[in-house]
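Quick caveat, the model's predicted, so the values are computed rather than measured.
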Amino acid sequence: MGNEFDKVLKIIQKDIPLVKRPFSVLAQEAGIEEGKLLKTIEKLVEDGIVRHIAPIYDSRLLGYDSALIAFKVDREKLDEVANFVNACPGVSHNYERTHDFNLWFTLAVPPEIAELEDVVRLMAEREKVKDYLVLRVVRLFKIGVKLDYESPAEKESVDTKVYTYTPLTEEEKRIVSITQGSFPLVERPFLEYAKRLRMSEEELLEKLSALKERGVLRRISAVLYHRRAGYVANAMSVWEVPEDAIEEVGRYIAGFKGVSHCYQRTTSEKFRYNLFAMMHGKGQEEIKLLAETISREKALSKYALLFSTREFKKVRIKYFSEEFERWFKELISA
């Protein structure tokens, strides 16, 4: 890719501003015309480098119950179980990873429909998996993929603000429902949404700004196909960290540019690692070196790198739709 494409890729991974003409603002930053910026983005999507540009909403602050789930599946049944998991509308990411627990997926459940633990148990029983884990977030240190670095060991500042859940109004739910798809690649994208919502552009921008202030809307940004953008390796690093050091270590690991997600999660007798960090690099060696640096600097000997070997699913969940309820009724009636 040329310098112009690289510059646009870097810019659209940031937070697209909540203004009437956001691409005009980004074009000024890139030093090109707005029309050319839009055409470049369209080309990046067409070439399969950008998956999509979309608003990213926080499932917890939308009122959903969510967790990271791991299944231990017989090798010969892995594809079959992965396809079953993919069919669940509450699953956004589903990967095969290098571990005895070899199928890892994120699950978000509307609590008025079912309890998350019940859903996981029924899924595991239906597919006769050997074992499973439910790993809930205790603390978020970082979330956000920005693949714009030469080395994953480069550092950056991270916002660690903690947000409190406030139930959404019916109007706010409708705004999320309408805006959660692909961001329109036009000069005034929010006007497109506003027309569907039957409100003014100004009113919609005001309400989206309020959702962002509450942490419900994390940002609007591009998501890349990592491998096609040159970052061919990724691993979920898991760490066993003393409880009194979790804050310091979590912030330290989150500060690396090669780390996109960093969470403290619940543990169990089966899986004692309590700090999880997704690492991305242009090869496995980069990731291994970053993990070795962290291990050495923070005296952490108990860790593992669970490399992604296959991506079965990576989509945006459709919040406030009837899809999950229909799927769950079929699950319990099977």
Engineer: Between OG of S24 and CD of E33, what distance do you get to the nearest 0.5 Å?
Structural biologist: 11.0 Å
Engineer: Which heavy-atom pair separates K313 from C88 by the least distance, and what is that distance?
Structural biologist: NZ-O, 3.1 Å
Engineer: Does V216 belong to the same Ile/Leu/Val/Met/Phe/Trp/Tyr cluster as L205, with side-chain heavy atoms less than 4.5 Å apart forming each link?
Structural biologist: yes
Engineer: Does this structure show an ion pair linking K288 with E285, if we count only N-O contacts that are shorter than 4.0 Å?
Structural biologist: yes
Engineer: For R21, enumerate each residue passing the salt bridge (Lys or Arg N to Asp or Glu O under 4.0 Å) test, keeping only those at least two apart in sequence or located in another chain.
Structural biologist: E34, E187
Engineer: If you link ILVMFWY side chains whenever their heavy atoms are less than 4.5 Å apart, which other residues fall into the same cluster as V19? By chain and number, please.
Structural biologist: V25
Engineer: If hydrophobic clusters are built by linking Ile, Leu, Val, Met, Phe, Trp and Tyr wherever their side-chain heavy atoms come under 4.5 Å apart, do Y263 and L135 end up in the same one?
Structural biologist: no
Engineer: Taking the six-membered ring for Trp, is the centroid-to-centroid distance between W104 and F271 below 6.0 Å?
Structural biologist: yes
Engineer: Shortest non-hydrogen contact from L61 to G215?
Structural biologist: CD1-O, 3.2 Å
Engineer: If you round to the nearest 0.5 Å, how far is CD of E42 from CG of L37?
Structural biologist: 10.0 Å
Engineer: Donor-acceptor pair, K142 side chain versus V259 backbone, under 3.5 Å?
Structural biologist: yes
Engineer: Quick check on side chain to side chain contact (heavy atoms under 4.5 Å, CB included): which of M236, R136, H93 does L68 satisfy it with?
Structural biologist: M236
Engineer: Got a second to check how far F23's CZ is from T40's OG1, nearest 0.5 Å?
Structural biologist: 11.5 Å
Engineer: Could you walk me through whether V8 and K43 satisfy the side-chain contact (heavy atoms from CB on, under 4.5 Å) test, starting with their C-alpha distance in whole Å, then the side-chain angles of each, then the deciding distance to 0.1 Å, before giving a yes or no?
Structural biologist: CA-CA 11 Å; V8 171; K43 178 66 173 168; over 6 Å; no
Engineer: Determine whether the side chains of N234 and S308 contain a donor N or O and an acceptor N or O closer than 3.5 Å.
Structural biologist: yes
Engineer: Run the side-chain contact (heavy atoms from CB on, under 4.5 Å) test on I56 and R316 for me, step by step, so that the C-alpha distance in whole Å, both residues' side-chain angles and the decisive distance to 0.1 Å come before the verdict.
Structural biologist: CA-CA 8 Å; I56 299 172; R316 295 276 177 222; 3.3 Å; yes
Engineer: Does a side-chain N-to-carboxylate-O contact under 4.0 Å join E248 and K298?
Structural biologist: yes
Engineer: Please indicate whether E203 has more than 12 foreign heavy atoms, meaning atoms of other residues, nucleotides or ligands, lying under 6.0 Å from its CD.
Structural biologist: yes
Engineer: Quick check: do V134 and I69 have side-chain heavy atoms less than 4.5 Å from each other?
Structural biologist: yes
Engineer: Do V137 and R265 touch side chain to side chain, with heavy atoms closer than 4.5 Å?
Structural biologist: yes
Engineer: For the hydrophobic clusters of this structure (ILVMFWY residues joined by side-chain heavy atoms under 4.5 Å, transitively), does one cluster hold both L331 and V91?
Structural biologist: yes
Engineer: State, to 0.1 Å, how close E240 and Y273 come at their nearest heavy-atom pair, and which atoms those are.
Structural biologist: N-CD2, 3.6 Å
Engineer: Could you report the tightest heavy-atom contact between F141 and I246, atom names first, then the distance?
Structural biologist: CZ-O, 3.6 Å
Engineer: Could you check whether any side-chain heavy atom of N274 comes within less than 4.5 Å of a side-chain heavy atom of E243, counting everything from C-beta outward?
Structural biologist: yes
Engineer: Flag the pair F312 / V85 as yes when at least one side-chain heavy-atom distance between them is below 4.5 Å, and no otherwise.
Structural biologist: no
Engineer: State plainly whether one hydrophobic cluster holds both Y193 and I41, where clusters connect Ile, Leu, Val, Met, Phe, Trp and Tyr through side-chain heavy atoms under 4.5 angstrom apart.
Structural biologist: yes
Engineer: Can you tell which of V119, V120, D118 makes a side chain to side chain contact (heavy atoms under 4.5 Å, CB included) with V109?
Structural biologist: V119
Engineer: Between E125 and R121, is the closest basic N to carboxylate O distance under 4.0 Å?
Structural biologist: yes
Engineer: Shortest non-hydrogen contact from R214 to P167?
Structural biologist: NH2-O, 4.1 Å
Engineer: Hey, what do you get for CD1 (I143) to CZ (R219), rounding to the nearest 0.5 Å?
Structural biologist: 7.0 Å
Engineer: Looking at Y252, I'd like to know if the NZ or CZ of K155 sits under 6.0 Å from its six-membered ring centre while staying within 45 degrees of the ring's axis.
Structural biologist: yes
Engineer: Do side-chain atoms of E172 reach the backbone of T169 as a donor and acceptor pair under 3.5 angstrom?
Structural biologist: yes
Engineer: To check you understand the geometry: which heavy-atom pair defines the closest contact between R60 and Y163, and what is its length?
Structural biologist: NH2-O, 2.8 Å
Engineer: Do K302 and R272 come close enough that some side-chain heavy atom pair is under 4.5 Å?
Structural biologist: no
Engineer: Please check if Y95 and M278 belong to a single hydrophobic cluster, counting links between Ile, Leu, Val, Met, Phe, Trp and Tyr side chain heavy atoms closer than 4.5 Å.
Structural biologist: no
Engineer: Given side-chain contact (heavy atoms from CB on, under 4.5 Å), test T106 with S66 step by step and report yes or no.
Structural biologist: CA-CA 7 Å; T106 53; S66 63; over 6 Å; no
Engineer: Can you tell me how far apart CD1 (I294) and CD1 (I253) are? Round to the nearest 0.5 Å.
Structural biologist: 4.5 Å
Engineer: Okay, side chain of S295, backbone of A291: is any donor-acceptor separation there less than 3.5 Å?
Structural biologist: no
Engineer: With a 4.5 Å limit on heavy-atom distance, are the side chains of F328 and L122 in contact?
Structural biologist: yes
Engineer: Is the shortest side-chain heavy-atom distance between L191 and K20 below 4.5 Å?
Structural biologist: no
Engineer: For the backbone of L26 and the side chain of K14, can you confirm whether one donor and one acceptor N or O come within less than 3.5 Å of each other?
Structural biologist: no
Engineer: Should side-chain heavy atoms under 4.5 Å link Ile, Leu, Val, Met, Phe, Trp and Tyr, which residues sit in the same cluster as V138?
Structural biologist: none
Engineer: Begin with the C-alpha distance, continue with both residues' side-chain angles, and end with the deciding distance and a verdict on salt bridge (Lys or Arg N to Asp or Glu O under 4.0 Å) for R196 and E192.
Structural biologist: CA-CA 7 Å; R196 294 175 62 190; E192 300 293 311; over 6 Å; no
Engineer: Looking at K173 and E170, is any side-chain nitrogen of the basic one under 4.0 Å from a carboxylate oxygen of the acidic one?
Structural biologist: yes
Engineer: Under 6.0 Å from the CD atom of E213, do we count more than 12 heavy atoms belonging to anything else shown?
Structural biologist: no
Engineer: Quick test of your reading of the model: are E96 and R75 salt-bridged, counting only N-O distances below 4.0 Å?
Structural biologist: yes
Engineer: Flag the pair E247 and R251 as a salt bridge only when some basic side-chain nitrogen lies within less than 4.0 angstrom of an acidic carboxylate oxygen.
Structural biologist: yes
Engineer: Does the side chain of I317 come within less than 4.5 Å of F324's, by heavy atoms?
Structural biologist: no
Engineer: Does the gap between the ring centers of Y64 and Y319 come in under 6.0 Å?
Structural biologist: yes
Engineer: Before accepting this row, confirm whether a basic side-chain N of the pair K270/D100 lies closer than 4.0 Å to the acidic partner's carboxylate O.
Structural biologist: no
Engineer: Would you sort out whether I220 and L18 count as a side-chain contact (heavy atoms from CB on, under 4.5 Å), showing the intermediate values?
Structural biologist: CA-CA 9 Å; I220 302 173; L18 295 174; 3.8 Å; yes
Engineer: Before we go on, tell me: are the rings of F105 and F71 under 6.0 Å apart, centre to centre?
Structural biologist: yes
Engineer: On the ring face of Y132, is K72 found with NZ or CZ under 6.0 Å from the centre and within 45° of the axis?
Structural biologist: no
Engineer: Using 0.5 Å steps for rounding, measure from the CG atom of L217 to the CG atom of D15.
Structural biologist: 7.5 Å
Engineer: Examine F183 together with F190 and report whether their ring centres are nearer than 6.0 Å.
Structural biologist: yes
